[in-house]
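Each chain gets a letter, A, B and so on, in the order its sequence line appears, and its residues count up from 1.
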Amino acid sequence: MLQQTQVQTVIPYYQRFMQQFPTVQSLAEANEDNLMKAWEGLGYYSRARNLQKAARQIVTDYHGKWPQTTLGLQELSGIGPYTAGAIASIAFNQPTAAVDGNAFRVFARLLEIDDDIAKPQTRKVFENVINHLISQERPGDFNQAIMDLGASFMTATNYDTDQSPVKAFNQSYLDGIEDHFPVKTKKKRPVPIDYFGLVIQSKKGYLLEQRPATGVLSHFWMFPLFNKQSLTDGKQLTEPKLIQQLESQLLSDFQLPIHLRKISGKPVNHTFTHQKWHITMLTGQLNANCDLSYFPGNWVQATNFTNVTFSKVQSKMWIAYQDSLISEA
DNA sequence: GATGCGTGGCC
DNA sequence: TGGCCAAGCAT
């Protein structure tokens, strides 16, 4: 849970999760819907699937006994160099580095290491240094202390090194160049993508579509999204023309005769690490007698939405739709 | 080795 | 608002 996620965010999820799945065995046997529901809102959902895979590996391949070395631990799904080091040092007292973002930041500043921490190969530099410095007696406490330093006095921005207990060892601070470290190249901006989001209701419920097994929000059930770019085949069309195009596509591809209209209110925006979605919400009435079975999705009553795991962007679309009903009433 | 993968908080 | 950041990993 703590991979790329702050402790503050994780704590309530962790407590609920451990209550629901108290043992490796229980996690291995968990129902997928329950698992995803327990993870709902935490993000990076492949972590949940990998966690269960790892539990199943431990039960079946390791007969319930954890591997205890960094190399052995990395055989488990979802466990990479950092997590393996953290488990090996904290749980099994192995004197091995756990290099996370905190460790990068702390040691880059302490030792003025100017390798670009955005590059994968740089991790080896830090592992080498830390494996020479780490306490042989209390390796877990050592790694935790580094992470706590990085999360308190030596944060990425607004750090307060003057109050730090290790300032006397902080070379970049002593040299007055702490703001030069760590060196980290910038990430690309999220790519903007325009969608229509469809809220279509029949007597059987709202139409939800399952996203493919790969890519953003894989496996999640959402209101159907249509990429405007692929809808027009690259051509520039006015919005009414675009909506007409979508209507005819729904009819020809899925036998859904429908008149679409924009809902009131603002479009839904949602930014992921690499994509920025701008969703124009549409709704419309279906002909009561049309056959609903051609569209590759499910019709779900709103009363059953609590049983479906919603991503943040799906929640936003649902809220936007409900708000539009209120303001139009 | 670069890219994709969520969400929330901060300024 | 937009950019950056957060106890990274799989492909």
Could you write nucleotides 4-11 of chain B as a row of B, S and -, 5' to 3', where a protein heavy atom under 4.0 Å of any base atom gives B, of only sugar-phosphate atoms gives S, and otherwise -?
BBBBS--S
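When ring centroids are compared, A:Y206 and A:W299 stay outside the 6.0 Å threshold. The ring of A:F104 has its center closer than 6.0 angstrom to the ring center of A:F126. Proximity of the aromatic rings of A:F310 and A:W221 is defined here by a centroid distance below 6.0 angstrom, and this criterion is not met. Ring centroids of A:W318 and A:F305 are separated by less than 6.0 Å, placing the two rings close together.
Separating the CZ atom of A:F104 from the P atom of C:dC4 is a distance of 19 Å, rounded to the nearest angstrom. When the P atom of C:dA7 is taken as reference, atom CG of A:D148 falls 10 Å away, rounded to whole Å. Between the CZ atom of A:R189 and the P atom of C:dT1 there is a distance of 15 Å, given to the nearest Å. Remark: P of B:dG1 and CD1 of A:I117 are 17 Å apart, rounded to the nearest angstrom.
With sequence neighbours left out, A:Y159 forms a ring-ring contact (aromatic ring centres under 6.0 Å, His included) with no residue at all. In this structure, the ring-ring contact (aromatic ring centres under 6.0 Å, His included) partners of A:F295, at least two apart in sequence or on a different chain, are A:F254. Every side-chain contact (heavy atoms from CB on, under 4.5 Å) that A:K312 has, sequence neighbours left out, goes to A:H270, A:K316.
Distance check on atom P: C:dA7 versus B:dT3 gives 24 Å, rounded to whole Å. The separation of C:dT11 from B:dG6, taken at their P atoms, amounts to 14 Å, rounded to a whole angstrom.
Contact check of residues 122-146 of chain A against DNA chain B (heavy atom, cut-off under 4.0 Å) returns no residues at all. Residues from residues 89-101 of chain A lying near DNA chain C, meaning a heavy-atom separation below 4.0 Å, are A:D100, A:G101 in numerical order.
Checking A:V313, A:D194, A:I193 one by one against A:I279, the side chain to side chain contact (heavy atoms under 4.5 Å, CB included) holds for a single residue, A:V313.
The cationic atom of A:K228 (NZ for Lys, CZ for Arg) does not lie both less than 6.0 Å from the six-membered ring centre of A:Y195 and within 45° of the ring axis.
Comparing atom distances between the A:Y82 side chain and each of C:dA7, B:dA2, C:dC5 picks out C:dA7 as nearest.
The residue A:K276 sits close only to the backbone: its heavy atoms come under 4.0 Å of sugar-phosphate atoms, none of a base. Note on A:A156: only backbone sugar-phosphate atoms sit closer than 4.0 angstrom, heavy atoms only; bases stay farther off.
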Trace of the side chain to side chain contact (heavy atoms under 4.5 Å, CB included) decision for A:F220 with A:V216:
CA-CA 9 Å; A:F220 275 80; A:V216 177; over 6 Å; no
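Within the 4.0 Å cut-off from OP1 or OP2 of C:dC4, not a single side-chain nitrogen or oxygen of A:K187 is found.
In this structure, A:E127 does not pair ionically with A:K124, as no charged nitrogen and carboxylate oxygen lie closer than 4.0 Å.
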